[in-house]
Amino acid sequence: MPDPVEPHILIVDDARDIREPLAQFLRRHALRVSLAADVAEARRVMASSAINLVILDIMMPGESGLSLCRSIARGAAIPVIMLSARVTEDDRIGALDIGADDYVTKPFNPRELLARVRAVLRRVPARAPAAGMQRRRFAGLVHDPVAQTVTLEDGRETPLTSGENRLLGVLLDHPGQVLSRAQLLDLLQGRQAKAYDRAVDNTVSRLRRKIGDDLRPTRLIATEWGGGYRLLATVEDLQ
């Protein structure tokens, strides 16, 4: 029987010659693995099993991997690594922009993918605030990192994607501090990569809209000269 603490990985790819050898490789490295040949099967697996990370192909018959990634980002705190033969910067940014945690191009080295899986899994606990997954209040708003929501001043709850949730958590961890794009990339992705700069900007823009920052006379998330961002609010931990 596998150790119940082993991370459970779901591989979603319509190509059997990719998903099955990859599953065997990951199992040899102490990971539990489930397989799905399409998005419909993936949804069934996710509904019946606790999944720690999804490795997700983009191009599949029927519903696309991007569609499933959007769905996961809206409703489940499960990290996603996208697989694709598309290699352009816009393709990578687009996947990250909808909530993917990493992007790997085909053909890939299984050892590199394993390293990326481990890196993403290491980052999952670090997404919480230092004192745990507690809720925090700032400027009349409440961030719940577990539910991935922000409660607005009028009481409405706004869902966040996993990327927006992590970004807001990082900003709340460093109130009043200017964070450059490079620093944000390092905190969010565990590495620095200039190709993802626009993804940071896009995530900030979406987060601003969701918390009503565009309607405020003074932004809560201020843009600083030189390409950085700063949260202009006092942060209070909630029980």
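Worth saying up front: this structure is predicted, and the values here are computed from it rather than measured.
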Peer 1: Of all heavy-atom pairs between Val39 and Gly65, which one has the smallest distance, and what is that distance?
Peer 2: CG2-N, 4.4 Å
Peer 1: Tell me if a side-chain donor or acceptor on Asn165 pairs with a main-chain N or O of Leu160 at a distance below 3.5 Å.
Peer 2: no
Peer 1: If you round to the nearest 0.5 Å, how far is CG of Leu231 from CG of Leu167?
Peer 2: 10.0 Å
Peer 1: Between Ala23 and Val33, which heavy-atom pair has the shortest distance, and what is it?
Peer 2: CB-CG1, 3.7 Å
Peer 1: Go through the side-chain N and O atoms of Ser71 and Arg43 and say whether any donor and acceptor fall under 3.5 Å apart.
Peer 2: yes
Peer 1: Please find the pair of heavy atoms, one from Ala100 and one from Arg166, that lie closest to each other, and give the distance.
Peer 2: O-NH2, 4.5 Å
Peer 1: What I want to find out is whether Arg136 reaches Asp144 closely enough, with some N-O distance under 4.0 Å, to be called a salt bridge.
Peer 2: no
Peer 1: Between Glu236 and Arg137, is there a donor-acceptor pair closer than 3.5 Å when you use the side chain of the first and the backbone of the second?
Peer 2: no
Peer 1: Between CD1 of Ile221 and CG of Leu168, what distance do you get to the nearest 0.5 Å?
Peer 2: 6.5 Å
Peer 1: If every non-hydrogen atom of Glu153 is compared with every non-hydrogen atom of Gly140, which pair is closest and at what distance?
Peer 2: CG-O, 3.5 Å
Peer 1: With a 3.5 Å distance limit and no angle check, can you tell me whether Asp13 reaches the backbone of Arg19 through a side-chain donor-acceptor pair?
Peer 2: no
Peer 1: Using 0.5 Å steps for rounding, measure from the CG atom of Asn52 to the CG atom of Leu10.
Peer 2: 11.0 Å
Peer 1: Would a 4.5 Å heavy-atom cut-off, applied to side chains only, mark Leu172 and Phe138 as touching?
Peer 2: yes
Peer 1: Can you name the nearest heavy-atom pair linking Leu68 to Ala42, along with the distance?
Peer 2: CD2-CB, 3.9 Å
Peer 1: Taking NZ, NE, NH1 and NH2 as the nitrogens, is one of them in Arg209 or Asp214 under 4.0 Å from a carboxylate oxygen of the other?
Peer 2: no
Peer 1: Look only at the side chain of Glu20 and the backbone of Arg16, and say whether a donor-acceptor pair between them is shorter than 3.5 Å.
Peer 2: no
Peer 1: Just wondering, do Asp101 and Leu96 contact through their side chains at under 4.5 Å, heavy atoms?
Peer 2: no
Peer 1: Is a salt bridge present between Arg206 and Asp97, judged by a nitrogen-to-oxygen distance below 4.0 Å?
Peer 2: yes
Peer 1: As an exercise, state the distance from CD1 of Ile93 to CD1 of Ile98, rounded to the nearest 0.5 Å.
Peer 2: 13.0 Å
Peer 1: Rounded to the nearest 0.5 Å, how far does CD1 of Ile9 lie from CG of Leu53?
Peer 2: 4.5 Å
Peer 1: Say whether, by atom type as modelled, one donor and one acceptor occur between the side chain of Glu164 and the main chain of Thr161 under 3.5 angstrom.
Peer 2: yes
Peer 1: Would you say that Ile72 contacts Val54 through its side chain, given a criterion of any heavy-atom pair below 4.5 Å between the two side chains?
Peer 2: yes
Peer 1: Could you check whether any side-chain heavy atom of Ser34 comes within less than 4.5 Å of a side-chain heavy atom of His8, counting everything from C-beta outward?
Peer 2: yes
Peer 1: Between Arg27 (side chain) and Arg32 (backbone), is there a donor-acceptor pair under 3.5 Å?
Peer 2: no
Peer 1: Could you check if a side-chain atom of Ile55 sits within less than 4.5 angstrom of a side-chain atom of Leu83, using non-hydrogen atoms only?
Peer 2: yes
Peer 1: Under the 3.5 angstrom rule, does the side chain of Lys210 hit a backbone N or O of Pro159 as a donor-acceptor pair?
Peer 2: yes
Peer 1: Under a 4.5 Å cut-off applied to non-hydrogen side-chain atoms, are Leu113 and Val104 in contact?
Peer 2: yes
Peer 1: Rounded to the nearest 0.5 Å, what separates atom CD in Gln148 from atom NE2 in His143?
Peer 2: 7.5 Å
Peer 1: Between Asp57 (side chain only) and Val12 (backbone N and O only), is there a donor and an acceptor less than 3.5 Å apart?
Peer 2: no
Peer 1: In this structure, would Val235 and Leu179 fall into the same cluster of hydrophobic residues linked by side-chain contacts under 4.5 Å?
Peer 2: yes
Peer 1: Would you say the side chain of Ser84 lies within less than 4.5 Å of the side chain of Asp91, judging by non-hydrogen atoms?
Peer 2: no
Peer 1: Could you check if a side-chain atom of Leu141 sits within less than 4.5 angstrom of a side-chain atom of Thr151, using non-hydrogen atoms only?
Peer 2: no
